[in-house]
Every structure is written in C-alpha cells, then in structure tokens.
Amino acid sequence: MAEQLRAIRTRQTILSAAAKIFEEHGYQAATISQILTEAGVTKGALYFHFHSKEDLAQGVLGEQDQRIIVPLRASKVQEIVDVVMLHAHRLQTDPMVRAGVRLTMDQLTQSLDRSGPFLRWGEVGVDLLQQAKAQGELLPHITPAETAEVIVGSFAGIQAMSQAVCEYRDLVVRVSALMRHVLPSAVVPSVLASLDLSEGRGVRVYEEAVKAAEMRDVLEPAM
C-alpha cells in the first residue's frame, strides 16, 4: 500500500511539473529535461509513468477536468452556470487547469490530440441541457447539442481573450457577461430570473465543492 501511494504521489508530482513547464513554454518548446528538473525525479521514474512528452501532455489535458465536482442543483441551468464559473475560477487559480487549456488551444501542437477537453465539456453541457429541457427550463426551440457547442466555443474564445489581455485577471467578469448574453436566448424567463450569474459565483461553488469532497474522503474510509 505504501509503495502504491508513493507511486501515485510521484505521478502527480510529475504531472504538476509538466503542467508548469507546458504553461510557461508551450508544448513545442518544453523539454523532458525541464520537466525532470522541475519535478526532481529520475528519468526512470518519469518514464515509468509516462512514455513520452506527448503522453505527459495528454495526462495534463485529462487532469484539468477530473479534480473538482460541481454539486448537483435542482435547476440544471444553474448547474451549467456553476460548471462554467467554476472553470473560470480554476483557470485563475490552478496551474494544472491553465496548462491544460493552453495545450488545448495551442494550434502548433500538431501531434497532440487536443479534441478531448472540447468533447468532454460538450458532453457535460449536452447532458445538463437535456435534463434542463426535460424539466421545462429551456425555450421550446432549443437543441441541447447545438447550445452546448455554442457555450463551449464561446467560453474558449472568452478565456483566450482574457489570457492575452491580462493573464485571466478579468476572466470571471467576462464569463459572467457571456452567461448574461447567451442564456436569455435559451432559458425560460422565470428560470433566468432565479439564476446566480454573479462574478463571485465560481469562488462560492469551488468552496462548496471542496467541502463536499472533504466530506466524501471522511465518509468513504468508514464505509
């Protein structure tokens, strides 16, 4: 068990180091040597977990949406807002998320499959929008798959603009504005009026999600 935990910690250390290097230098310029130095591990330890720089990058891409779970909401439109606002907050605060997004948006990474995050976020959006439609939260003409693609694509553009202009410092402001412009075309007025689209929503959802995760960690060993 101790050996397994050590292996998990080593893998996470390597991923965190790779995220830092990819964020600072981009995929093409980043080197295995830089990642080894940042992680403080041997080449053998790195290659035990990851076979190549591409494998490392795919690990970072997969890690960005695996660590925080948005609590369930009665309103599935609010849950969508919470997913988006939480991701905006994490882009401002989590190097792993920033590195994953940089890799996703980097058009020079020709050998890297960058479709995964877009597809996963699209799937999350479609699922929540289908539930919202079943609950009568959406306008009759809305197609969940189409609306999900609009939200994912719009967020990608907004975050890229914020990163270029001010290193994400105004991202939550821009994303709040995005939600206020997009949702009225898709959501019934009574639901729209009940939504929390405020700029501080992401922080509050993050704190709630972390507390829920801590509670799960406490309860699971006892079960």
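Residue numbers start at 1 and run along the sequence shown.
Residues meeting the side chain to side chain donor-acceptor pair (under 3.5 Å) test with Gln131, sequence neighbours left out: Asp127. Residues that satisfy the side chain to side chain donor-acceptor pair (under 3.5 Å) test with Gln135, not counting sequence neighbours, are Glu137. For Arg174, the side chain to side chain donor-acceptor pair (under 3.5 Å) test picks out Asp170, with sequence neighbours left out.
With contacts defined as side-chain heavy-atom distances shorter than 4.5 Å, the pair Thr104/Leu61 qualifies. Under the 4.5 Å side-chain criterion, counting only non-hydrogen atoms from C-beta, Val205 is not in contact with Met85. Within the 4.5 Å cutoff, the side chain of Trp121 has no heavy atoms near those of the Ile151 side chain. Contact annotation: the side chain of Glu207 never approaches that of His89 to less than 4.5 Å [non-hydrogen atoms, C-beta and beyond]. In this structure, the side chains of Pro95 and Lys20 stay at 4.5 Å or more apart for every pair of heavy atoms.
Taking all atoms of both residues into account, the shortest heavy-atom contact from Asp55 to Phe50 is OD2-CA, 3.3 Å. Listed here is the closest heavy atom pair of Leu15 and Val60: CD2-N, 3.7 Å. Shortest non-hydrogen contact noted between Ala57 and Leu103 is O-CD1, 3.8 Å. A pairwise comparison of heavy atoms in Met105 and Phe118 identifies SD-CZ, 3.9 Å as the closest pair. Residues Pro189 and Leu139 come closest through the heavy atom pair CD-CD2, 4.5 Å. Shortest non-hydrogen contact noted between Ile142 and Leu138 is CG2-CD1, 3.8 Å.
With hydrophobic clusters built from ILVMFWY side chains whose heavy atoms lie under 4.5 angstrom apart, Leu119 does not share a cluster with Val124. Residues Val126 and Ile69 fall into different hydrophobic clusters, defined by Ile, Leu, Val, Met, Phe, Trp and Tyr side chains chained together at heavy-atom separations under 4.5 Å. One hydrophobic cluster, built from ILVMFWY side chains closer than 4.5 Å, cannot hold both Val172 and Val203; they sit in different ones. Linking Ile, Leu, Val, Met, Phe, Trp and Tyr residues whenever their side-chain heavy atoms come within less than 4.5 Å places Met96 and Val41 in a single cluster. Both Val83 and Val210 are members of a single hydrophobic cluster when ILVMFWY side chains are connected at heavy-atom separations under 4.5 Å.
Pairs passing the ring-ring contact (aromatic ring centres under 6.0 Å, His included) check and including a residue from residues 143-174, sequence neighbours excluded, read His87-Phe155. The side-chain hydrogen bond (donor to acceptor under 3.5 Å, both in side chains) pairs that include a residue from residues 29-40 are Thr31-Gln34, where partners are two or more places apart or lie in different chains.
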Could you list the donor-acceptor pairs under 3.5 angstrom formed between side-chain atoms of residues 179-188 and any protein atom two or more places apart in sequence or on another chain?
from	atom 1	to	atom 2	distance (Å)
His181	ND1	Ala177	O	2.8
Ser185	OG	Val182	O	2.7

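Applying salt bridge (charged side-chain N to carboxylate O under 4.0 Å, His left out) to Asp82 and the options Arg204, Arg201, Lys76 leaves one that passes, Arg201.
One distance of note links NE2 of His49 with CD1 of Ile8; it measures 9.5 Å at 0.5 Å rounding. Rounded to the nearest 0.5 angstrom, Leu171 CG and Thr93 OG1 are separated by 10.5 Å. Here Thr10 contributes atom OG1 and Phe48 contributes atom CZ; the two are 9.5 Å apart, rounded to the nearest 0.5 Å. Taking CZ from Arg90 and CZ from Arg98, the interatomic distance works out to 11.5 Å, rounded to the nearest 0.5 Å. Between atom CD1 of residue Ile21 and atom CG of residue Leu56 there is a gap of 11.0 Å, rounded to the nearest 0.5 Å. We find the CD-CG distance between Glu79 and Leu195 to be 12.5 Å, quoted to the nearest 0.5 Å.
Under a 3.5 Å cut-off, the side chain of Gln159 and the backbone N or O of Ala156 do form a donor-acceptor pair. A donor-acceptor contact shorter than 3.5 Å links the side chain of Ser75 to the backbone of Gln78. No donor-acceptor distance shorter than 3.5 angstrom exists from the side chain of Ser176 to the backbone of Ser198, with no hydrogens or angles considered. Under the 3.5 Å distance criterion, the side-chain polar atoms of Lys53 are matched with a main-chain donor or acceptor of Tyr27.
Counting non-hydrogen atoms of other residues, nucleotides and ligands closer than 6.0 Å to OH of Tyr47 gives a total above 12.
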